[in-house]
Amino acid sequence: MSGEGYRVLLRARARSSELRAKGFTWDQIADVLALDNDVSPLRLYRLAHGRTAAEVVSLVNDLDPAGTASLREARLYDFEAWPDGGRRPPVRCLVTLARVYQTHAARLVTDEARMSYSVRDRELLDATDLRDLDENRSPGPCPDGGRRVSMEASAGAPLAESAVDTSACVELLRAIGIEEADVRRRELLFELALAFGGTQALRLLRVLDAEEEQRLGQVVRSASRVDPQTVATFEKLTAYAREVDDGHGPAALLPAVNGQRNALAQILARDSMPQALRSRLLAAYGQLSQLAGYLAYDLLDVAAAQRALNEGLRAALNLGDPTLIGYLHCWLGSMAAYQQRAALALDHAFAARGWVTRSPSRLLRAMNESVLSAAYAAAGDATASARAHDNALRLAGDPKGEGEPAFLYWISPSMLDSKAAMSLVRLRQAGAAVAAAQRTLAGLDPRFKVDRGFALAQYATALTLAREIPEATARLSEAADIAAQHTSARLAHQIAQARAGLQPWSGSTHVTRLDKTLQARGLSGM
């Protein structure tokens with residue numbers, strides 16, 4: 001074997017070992033290796049198994065105790081070179097190799113090459129399916145019978161909500177190949193993206209420089225211990241994920257956030273490190289769990305949102321950080337209020353208050369009052385809701401003190417007015433809801449695209465209550481334009497609710513025009 005051929009084998013062996021550990025079948029690994037190795041299927045399967053020609057020859061001859069096989073290395077190379085060169089392997093040899101490679105014999109030749117065999121030989125190739133020997137294979141929905149490759153930390157405690165199958169891995173490698181020409185960096189990006197949720201993770205990884213990628217790769221593969229720079233890299237990825245959500249929405253981001261959360265959980269369970277570093281990583285895990293919960297909530301997957309938020313709350317309690325604990329209780333309360341579960345919303349809001357009083361964050365106190373306002377509105381107490389909202393506006397409007405946590409960057413009087421508009425609509429206070437929505441739209445930071453959509457949907461509903469139908473349909477059309485560019489299922493749901501409120505005027509010109517807009521934006525029939 002030439003030096004270059006041996007280097008190719010070593011790279012393939014390392015890649016295969018990594019993919020096998022993640023549950024890939026031999027067929028799936030061969031498909032992945034085919035993207036970087038323009039060789040015959042027969043050679044791909046040898047690379048997938050990480051075996052030299054001598055090792056394969058020995059295994060083939062061992063499977064023929066009578067000694068009639070007598071395969072030699074040179075002849076195996078000939079078979080692997082065919083049909084571009086060498087010679088065609090006999091079907092008997094392919095059947096034996098299918099047992100060695102634990103695959104379907106027909107996969108060891110191309111479709112075109114298979115047609116060069118006789119009908120009887122093709123029938124034997126098609127009948128020889130030995131994939132059941134592959135321990136990573138189990139019956140499932142995948143077309144080739146291979147199981148899906150889980151991104152779970154362990155079988156007993158799944159953290160990631162997604163899975164990466166063969167087609168997703170192929171798409172991931174193609175995406176990396178387009179962006180990156182350097183082979184070594186391409187392999188590193190593939191490894192990191194696979195660990196962090198698949199193709200969707202590439203958007204997050206782009207924010208890292210080459211040194212950060214190398215350090216992160218070493219920690220993920222357990223080649224080095226966590227250091228302050230690695231912790232800072234995880235914190236950087238977490239902060240950037242929030243920016244991505246502001247612009248693009250939860251659908252593509254959630255798998256990447258869950259993948260990063262999964263990687264953090266594995267590192268926390270696996271590595272020993274100084275307590276200061278562990279605390280920072282635990283805080284990053286808690287923040288990622290909150291973000292994962294919010295993204296699932298925005299996709300209206302309430303069960304997944306509750307799981308992630310509760311996992312984050314457990315991490316925050318272990319850490320003993322009153323700000324993070326209060327923040328997670330606030331989000332659990334906010335989600336309960338959205339579902340009109342008043343008692344649960346109040347429970348979380350008051351639980352948060354106990355921790356908020358121990359936190360130095362003024363912005364967190366503002367959020368806590370806003371959640372209380374929403375909870376009181378869900379309970380039908382308009383007076384208490386208004387009082388809590390006034391407190392929230394006062395706290396959020398005061399100058400920010402030093403040391404406010406970065407994850408509270410979104411809290412402002414305009415954002416809290418947006419949340420109040422929803423409560424006022426539910427209390428059927430049309431005038432106050434219109435005013436709150438107008439204040440939101442006038443002062444909202446332009447980067448919060450989806451929040452503008454929420455404000456417009458609430459504004460439209462309030463205008464409908466006030467029987468301002470032309471203006472209501474105009475605002476709802478604006479919200480539909482935003483929803484078409486964002487993956488928030490919650491926004492689409494609110495638009496549908498606002499449109500349902502316009503049903504008494506469904507025959508009017510304004511509502512008819514709105515329906516055409518909704519249909520064009522893919523929001524009709526909701």
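None of these values were measured; they are calculated from a predicted model.
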Query raised in the report: Closest approach of Leu393 and Pro413, non-hydrogen atoms and distance?
Result: CD2-O, 3.6 Å

Query raised in the report: Can you tell me how far the CE atom of Met415 sits from the CG atom of Asp451, to the nearest 0.5 Å?
Result: 4.0 Å

Report summary line: Closest heavy-atom pair, Val371 versus Cys330, reported as atoms and distance to 0.1 Å, is CG2-O, 3.6 Å

Query - Side-chain heavy atoms of Pro274 within contact of Arg278, under 4.5 Å - result: no

Requested in this report: Verify whether one side chain among Ser373 and Ser385 offers a donor that lies under 3.5 Å from an acceptor in the other.
Outcome: yes

**Report entry** Side-chain H-bond candidate by donor/acceptor type, Arg261 with Asn258, under 3.5 Å
**Finding:** yes

Query raised in the report: With no hydrogens and no angle check, do the side chains of Thr230 and Asp227 hold a donor and an acceptor under 3.5 Å apart?
Result: yes

Query raised in the report: At what distance, to the nearest 0.5 angstrom, does OG of Ser414 lie from NZ of Lys419?
Result: 12.5 Å

Report task. Under the side chain to side chain contact (heavy atoms under 4.5 Å, CB included) rule, collect the residues that match up with Asp390, sequence neighbours excluded. Result -> none

Query raised in the report: Between the side chain of Asn368 and the main-chain N/O of Leu364, is any donor-acceptor distance below 3.5 Å?
Result: no

Query - Stepwise side-chain contact (heavy atoms from CB on, under 4.5 Å) check, Gln458 with Leu424 - result: CA-CA 9 Å; Gln458 296 305 321; Leu424 291 165; over 6 Å; no

**Report entry** Reported CG-to-OG1 distance for the pair Asp417 and Thr440, which is rounded to 0.5 angstrom
**Finding:** 4.5 Å

Requested in this report: State, with a plain yes or no, whether a side-chain heavy atom of Ile267 is found less than 4.5 Å away from one of Met273.
Outcome: yes

Query raised in the report: Do we see a donor-acceptor contact under 3.5 Å between the side chains of Thr238 and Gln287?
Result: no

Report task. First locate atom CZ of Arg358, then atom CD1 of Ile325, and finally report the distance between them rounded to the nearest 0.5 Å. Result -> 7.0 Å

Query raised in the report: Checking Thr473 side chain against Pro470 main chain: does a donor-acceptor pair fall under 3.5 Å?
Result: yes

Query raised in the report: Are the side chain of Arg362 and the backbone of Ala366 linked by a donor-acceptor contact shorter than 3.5 Å?
Result: no

Query raised in the report: What distance do Leu456 atom CG and Gln494 atom CD have between them, rounded to the nearest 0.5 Å?
Result: 11.0 Å

**Report entry** Contact check, side chains of Tyr294 and Leu309, non-hydrogen atoms, under 4.5 Å
**Finding:** no

Report task. May I ask you to test the Pro255-Phe196 pair for a side-chain heavy-atom distance under 4.5 Å? Result -> no

Query - Tyr409 and Glu243, any side-chain heavy atoms less than 4.5 Å apart - result: no

Report task. For Ala480 and Leu518, work out which heavy atoms get closest and say how close. Result -> CB-CD2, 3.7 Å

Query raised in the report: Where is the tightest heavy-atom contact between Ala251 and Thr487, given as atom of each residue plus distance?
Result: N-OG1, 3.0 Å

Requested in this report: Decide whether a cation-pi geometry holds between Arg242 and Phe407; the criteria are a distance under 6.0 Å from NZ or CZ to the six-membered ring centre and an angle within 45° of the ring axis.
Outcome: no

Query raised in the report: When you check the side-chain N and O atoms of Thr323 and Ser359, is any donor under 3.5 Å from an acceptor?
Result: yes

Query raised in the report: Does the pair Thr383 and Tyr376 meet the rule for a side-chain contact (heavy atoms from CB on, under 4.5 Å), with working shown?
Result: CA-CA 9 Å; Thr383 301; Tyr376 282 130; over 6 Å; no

Query raised in the report: Do Arg521 and Thr517 come close enough that some side-chain heavy atom pair is under 4.5 Å?
Result: yes

Query raised in the report: With distance as the sole criterion, is a donor-acceptor pair present between the side chains of Arg225 and Ser272 under 3.5 Å?
Result: yes

Query - Glu212 side chain to Asp209 backbone, donor-acceptor under 3.5 Å - result: yes

Requested in this report: Please step through side-chain hydrogen bond (donor to acceptor under 3.5 Å, both in side chains) for the pair Glu404 and Ser361, ending with a clear verdict.
Outcome: CA-CA 6 Å; Glu404 286 287 356; Ser361 172; 2.6 Å; yes

Requested in this report: Could you give me the CA-CA distance, side-chain angles and deciding distance for Leu204 and Leu253, then say whether side-chain contact (heavy atoms from CB on, under 4.5 Å) is met?
Outcome: CA-CA 9 Å; Leu204 298 183; Leu253 183 59; 4.0 Å; yes

Query raised in the report: Can you check whether Asp481's main-chain N or O pairs, donor with acceptor, with Gln485's side chain at less than 3.5 Å?
Result: yes

Requested in this report: Could you tell me which non-hydrogen atom of Ala316 sits nearest to which non-hydrogen atom of Leu328, and how far apart they are?
Outcome: CB-CD1, 3.9 Å

Query - Close side-chain approach of Leu254 to Asp298, heavy-atom, < 4.5 Å - result: no

Query raised in the report: Can Asn136 and Thr25 be counted as having a side-chain donor-acceptor contact under 3.5 angstrom?
Result: no

Report task. Decide yes or no on salt bridge (Lys or Arg N to Asp or Glu O under 4.0 Å) for Arg353 and Glu369, but give the supporting numbers first. Result -> CA-CA 9 Å; Arg353 174 173 280 183; Glu369 291 291 337; 3.0 Å; yes

Query raised in the report: What are the two closest non-hydrogen atoms of Leu491 and Ala479, and how far apart are they?
Result: CD2-O, 4.4 Å

**Report entry** Contacts of type salt bridge (Lys or Arg N to Asp or Glu O under 4.0 Å), residue Glu478, not counting sequence neighbours
**Finding:** Arg452, Arg475

Report task. Go through the steps for Tyr240 and Lys236 under the test side-chain contact (heavy atoms from CB on, under 4.5 Å), then give the verdict. Result -> CA-CA 6 Å; Tyr240 185 57; Lys236 180 178 179 178; 5.7 Å; no

Query raised in the report: Looking at CG of Leu476 and OG1 of Thr461, how far apart are the two atoms once the value is rounded to the nearest 0.5 Å?
Result: 7.0 Å

Query raised in the report: Taking Ser289 for the side chain and Tyr285 for the main chain, is one N or O donor matched with an acceptor at less than 3.5 Å?
Result: yes

Requested in this report: Evaluate the salt bridge (Lys or Arg N to Asp or Glu O under 4.0 Å) criterion for residues Glu311 and Arg307: first the C-alpha distance (whole Å), next the side-chain angles of each, then the deciding distance (0.1 Å), finally the verdict.
Outcome: CA-CA 6 Å; Glu311 286 167 6; Arg307 284 197 302 272; 5.6 Å; no

For residues 331-349, which side-chain N or O atoms pair as donor and acceptor with protein atoms under 3.5 Å away, sequence neighbours left out?
{"from": "Trp331", "atom 1": "NE1", "to": "Tyr327", "atom 2": "OH", "distance (Å)": "3.2"}
{"from": "Gln340", "atom 1": "OE1", "to": "Arg426", "atom 2": "NH1", "distance (Å)": "3.1"}
{"from": "His348", "atom 1": "ND1", "to": "His329", "atom 2": "ND1", "distance (Å)": "3.2"}

Report task. May I ask you to test the Arg499-Val511 pair for a side-chain heavy-atom distance under 4.5 Å? Result -> yes

